[in-house]
Amino acid sequence: RTAKRVSNPGCWATGFIALARPLVRAGLVPADWPLSLHGVSGYSGGGKAMIAEFEGKTAANHTETVVRTYGLTLEHKHIEEMRQRVGLTHRPIFSPDVGRFYRGMLVEIPLALWAMPGKSGVARLHEVYADAYRGEKLIEVASLADAAALTTLDAEEMRNTNRLKIYLFGNEKQGQARAVAVFDNLGKGAAGAAVQNLNVMLGLPETEGLL
């Protein structure tokens, strides 16, 4: 609120930090844990060049690809940002995909509950997320019941908004969980977050001008 300059997170970093930082701060995930993240983003995340590639049927590099993976060198401009802001000792393994849809994204971190310190169950992880984002106007943590009722998750669920929704899916018997953030790569993932930060700097309501 008093800063002269505020940096805006990248879209992938927004999702990963939202999922990983509360778990590290609560001590459920050690700082040196070998975390990984996977996700899929709408092609608008690649800017004008990628939009033209997917939409420009007369373009030399036009593609009809449905989903493609990238970052195959295990280098990405937001990886170090993720490591620093979550407080990790090591960089997470990042496997991003881009899909044939304009805006929206899913960011996911898999969690081996059986290997975590204290072997915390799904309910404890959900409690940490609920506590971390309680009172936030633009972040929602889905109930475990709502998550359990789903069989699929739509990457476009939060499109055209500055909202982010966290789902936690778990299988206690197998000792595994999936934490997933759903948001709009052009909203919470970029421009919307920038407006939100600007509102804070100007002393305006945080949600001014945002959906």
Side-chain angles (χ1 to χ4, degrees), residues 7-54 61-117 125 129 153-156 158 164-171 174-191 193-194:
S7 61
N8 210 54
C11 58
W12 290 109
T14 292
F16 179 71
I17 293 168
L19 294 173
R21 186 164 172 164
L23 301 183
V24 173
R25 282 188 161 185
L28 301 185
V29 172
D32 62 352
W33 197 256
L35 279 176
S36 63
L37 71 146
H38 172 259
V40 60
S41 172
Y43 58 79
S44 60
K48 291 182 178 179
M50 187 174 288
I51 292 172
E53 186 178 356
F54 275 82
N61 63 342
H62 175 67
T63 180
E64 294 289 343
T65 299
V66 176
V67 178
R68 70 184 184 196
T69 191
Y70 64 101
L72 303 181
T73 62
L74 297 177
E75 292 287 352
H76 189 283
K77 61 184 178 182
H78 291 303
I79 295 180
E80 185 59 21
E81 175 187 0
M82 297 176 195
R83 186 196 68 78
Q84 289 185 11
R85 298 307 177 192
V86 173
L88 299 174
T89 305
H90 309 290
R91 287 156 60 106
I93 297 175
F94 180 31
S95 53
D97 292 346
V98 60
R100 179 167 284 286
F101 57 97
Y102 185 72
R103 61 194 301 168
M105 66 190 306
L106 298 171
V107 178
E108 171 181 351
I109 58 174
L111 296 164
L113 303 178
W114 57 268
M116 294 171 67
L125 269 65
Y129 284 132
L153 199 54
D154 184 0
E156 298 180 280
M158 294 292 148
L164 182 148
K165 192 169 184 177
I166 292 175
Y167 289 92
L168 184 64
F169 305 97
N171 185 318
Q174 302 300 335
Q176 297 176 332
R178 299 170 62 181
V180 186
V182 189
F183 55 106
D184 186 335
N185 58 289
L186 295 181
K188 177 61 74 181

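Scope of the values below: all heavy atoms of this structure, side chains included, with no hydrogens, waters or symmetry mates.
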- Task: Return the minimal non-hydrogen interatomic distance between P117 and L28, and the atom names on each side.
- Result: CD-O, 3.5 Å
- Might you confirm whether atom CZ of R68 has over 12 heavy atoms from other residues, nucleotides or ligands at distances under 6.0 Å? yes
- What pair of heavy atoms forms the shortest contact from S44 to N185, and how long is it? OG-ND2, 3.0 Å
- Item | Sequence-distant partners of Y70, ring pair (Phe, Tyr, Trp, His ring centres under 6.0 Å), two or more places apart | none
- Task: Take Y43 and F101 through the test ring pair (Phe, Tyr, Trp, His ring centres under 6.0 Å) and record every step on the way to the result.
- Result: CA-CA 6 Å; Y43 58 79; F101 57 97; 7.7 Å; no
- Donor-acceptor pair, side chain of D184 and main chain of R103, under 3.5 angstrom: no
- Message: Parallel, tilted or perpendicular: which one describes the rings of H78 and H76, with boundaries at 30° and 60°?
- Response: tilted
- Task: Measure across G99 and V40 and return the closest heavy-atom pair with its distance rounded to 0.1 Å.
- Result: N-CG2, 3.8 Å
- Step by step, work out the side-chain contact (heavy atoms from CB on, under 4.5 Å) result for F183 and V107. CA-CA 9 Å; F183 55 106; V107 178; 3.8 Å; yes
- Query: Which pair of heavy atoms, one from K188 and one from A193, lies closest together, and at what distance?
  - Reply: O-CB, 3.3 Å
- Query: Hey, is CZ on R178 packed in by over 12 heavy atoms from elsewhere, all under 6.0 Å?
  - Reply: no
- L113 side chain reached by L125 side chain, heavy atoms, under 4.5 Å: yes
- Verdict with reasoning, M105 to W12, per side-chain contact (heavy atoms from CB on, under 4.5 Å): CA-CA 9 Å; M105 66 190 306; W12 290 109; 3.6 Å; yes
